[in-house]
Structures are given as C-alpha cells and as structure tokens.
Asks: 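One structure coming up, written as structure tokens, with questions to follow.
By convention here, the first residue in the shown sequence is residue 1. Below, all heavy atoms of this structure are taken into account, side chains as well, without hydrogens, waters or symmetry copies.
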Amino acid sequence: QVQFVESGGGLVQPGGSLRLSCAAPGFTLNNYIIGWFRQVPGKEREGFSCIGSSDGSTYYADSVKGRFTISRDNAKNTVYLQMNSLKPEDTAVYYCAANLMRSTVVPDIRLYEYTYWGQGTQVTVSS
C-alpha cells in the first residue's frame, strides 16, 4: 500500500516561509509527475503546482506563482515545496500525490489524475 507522507507544515506569520516535503517510502517518486494540493474545510481540494518526472518541468497556478517553488531531489526520493511570502489565504492542509495518467506536465492540474493521497500537513498563516 503506497502512502505519501507530507511534512513541514506549521504556524507562520504573514510574509514568512515554510518548506514542505513529500516522501513515499517504497514508491519511486522520480518516475511520476508529482503535484501539490491544498484544501480548506468546506472547499474542494485545489491543485496548484506540479513537477515533471524526467525534465523537471513545472506548473504553478496564478495563486502561488512567484511565491512557491516546487523541486525534487531524486537521490532522496523527495519532492519539496518552498513557500515564501505566505498569506493568510494560504492557510490549508497541504497534500502531495502522484499523477499516474500523464507523463508530461500541462498548464492545468486535474484532481482525478492523481492518486496515493497522504494525511496532509497543516499550514497556518496568521499573526
């Protein structure tokens, strides 16, 4: 049973930074597009960034573009999300997942293409 594990969340003041990590013991992240998502209570899960498997191509939704950076360390089998200039509206539970349906990054994230959801990590941006 594949289980993604997100970590690195916490409480941060507006304008602050956090780095999230996405790991999947026993599953090779390097072979798949990995996406980052977030969800607040009462709202749909939102995909906002992903990174390609072979060429490292990336996609960012407008809501995070210029503030968040996705990267991967193949040697550590880990995907990261560096979040800078955080805003209160970034408060959510953050998840990562693998895209098993696509091999090329496109300027869109379709929730149904992703699988292997973890428990998520809470990010709270508040003063």
Side-chain angles (χ1 to χ4, degrees):
Q1 182 76 18
V2 177
Q3 182 73 50
F4 277 39
V5 180
E6 302 90 349
S7 61
L11 174 63
V12 63
Q13 292 186 344
S17 299
L18 284 174
R19 190 178 80 156
L20 306 185
S21 298
C22 171
F27 183 85
T28 305
L29 294 179
N30 308 345
N31 296 336
Y32 300 95
I33 294 172
I34 303 299
W36 279 100
F37 301 77
R38 60 189 181 184
Q39 188 171 24
V40 297
K43 292 191 176 182
E44 292 187 355
R45 191 166 296 186
E46 169 201 16
F48 59 85
S49 183
C50 64
I51 186 167
S53 58
S54 57
D55 59 3
S57 55
T58 58
Y59 163 78
Y60 300 96
D62 288 342
S63 58
V64 305
K65 193 176 297 181
R67 301 188 297 123
F68 292 8
T69 302
I70 190 172
S71 62
R72 64 195 312 155
D73 184 332
N74 290 340
K76 294 183 178 180
N77 197 35
T78 301
V79 172
Y80 301 100
L81 182 71
Q82 179 67 43
M83 305 187 297
N84 299 329
S85 302
L86 283 162
K87 305 175 181 179
E89 51 263 44
D90 294 318
T91 295
V93 178
Y94 283 68
Y95 303 88
C96 59
N99 189 326
L100 303 188
M101 299 178 63
R102 187 180 297 278
S103 59
T104 304
V105 170
V106 295
D108 187 17
I109 294 182
R110 301 160 190 174
L111 186 62
Y112 67 86
E113 294 182 349
Y114 287 80
T115 188
Y116 298 139
W117 299 98
Q119 297 299 310
T121 186
Q122 176 70 47
V123 172
T124 302
V125 184
S126 174
S127 56

Asks: What pairs with T124 under side chain to side chain contact (heavy atoms under 4.5 Å, CB included), at least two apart in sequence or on another chain?
Replies: L11, T91, Q122, S126
Asks: Using a 3.5 Å distance criterion without hydrogens, assess whether the side chain of S49 forms a donor-acceptor pair with backbone atoms of Y59.
Replies: yes
Asks: Please report the closest heavy-atom contact between V93 and G120, naming both atoms and the distance.
Replies: CG1-CA, 3.8 Å
Asks: Has N77 got a side-chain atom pairing as donor or acceptor with F27's backbone, closer than 3.5 angstrom?
Replies: yes
Asks: Any pair with a residue in residues 48-88 that passes disulfide bond (SG atoms under 2.5 Å apart), sequence neighbours left out, goes on the list, sorted by first then second residue, please.
Replies: none
Asks: Could you note down all residue pairs passing salt bridge (Lys or Arg N to Asp or Glu O under 4.0 Å) where residues 21-49 supplies at least one of them, sequence neighbours left out?
Replies: R38-E46, R38-D90
Asks: With sequence neighbours excluded, what pairs up with T69 under the side chain to side chain contact (heavy atoms under 4.5 Å, CB included) test?
Replies: Y60, Q82
Asks: Closest approach of S53 and N30, non-hydrogen atoms and distance?
Replies: CB-O, 3.2 Å
Asks: Run the side-chain donor-acceptor check on residues 105-112: report pairs under 3.5 Å with partners two or more places apart or on a different chain.
Replies:
residue : atom : partner : partner atom : Å
D108    : OD2  : R110    : NE           : 3.3

Asks: What is the minimum heavy-atom distance between T121 and G8, and which atoms define it?
Replies: OG1-N, 4.0 Å
Asks: With a 6.0 Å cut-off on ring centres, are W117 and F37 close enough?
Replies: yes
Asks: How would you list all residue pairs meeting side-chain hydrogen bond (donor to acceptor under 3.5 Å, both in side chains) that involve residues 4-25, not counting sequence neighbours?
Replies: S17-N84
Asks: Do Y95 and F4 have ring centroids that are under 6.0 Å from one another?
Replies: no
Asks: Say whether D55 and S57, considering side chains only, have a donor N or O and an acceptor N or O under 3.5 Å apart.
Replies: yes
Asks: For T78, does its backbone N or O pair with a side-chain atom of D73 as donor and acceptor, under 3.5 Å?
Replies: no
Asks: Show, in sequence, the C-alpha distance, side-chain angles and deciding distance for L18 and Y94, and conclude whether the side chain to side chain contact (heavy atoms under 4.5 Å, CB included) test is met.
Replies: CA-CA 12 Å; L18 284 174; Y94 283 68; over 6 Å; no
Asks: Of all heavy-atom pairs between I34 and C22, which one has the smallest distance, and what is that distance?
Replies: CG2-SG, 4.3 Å
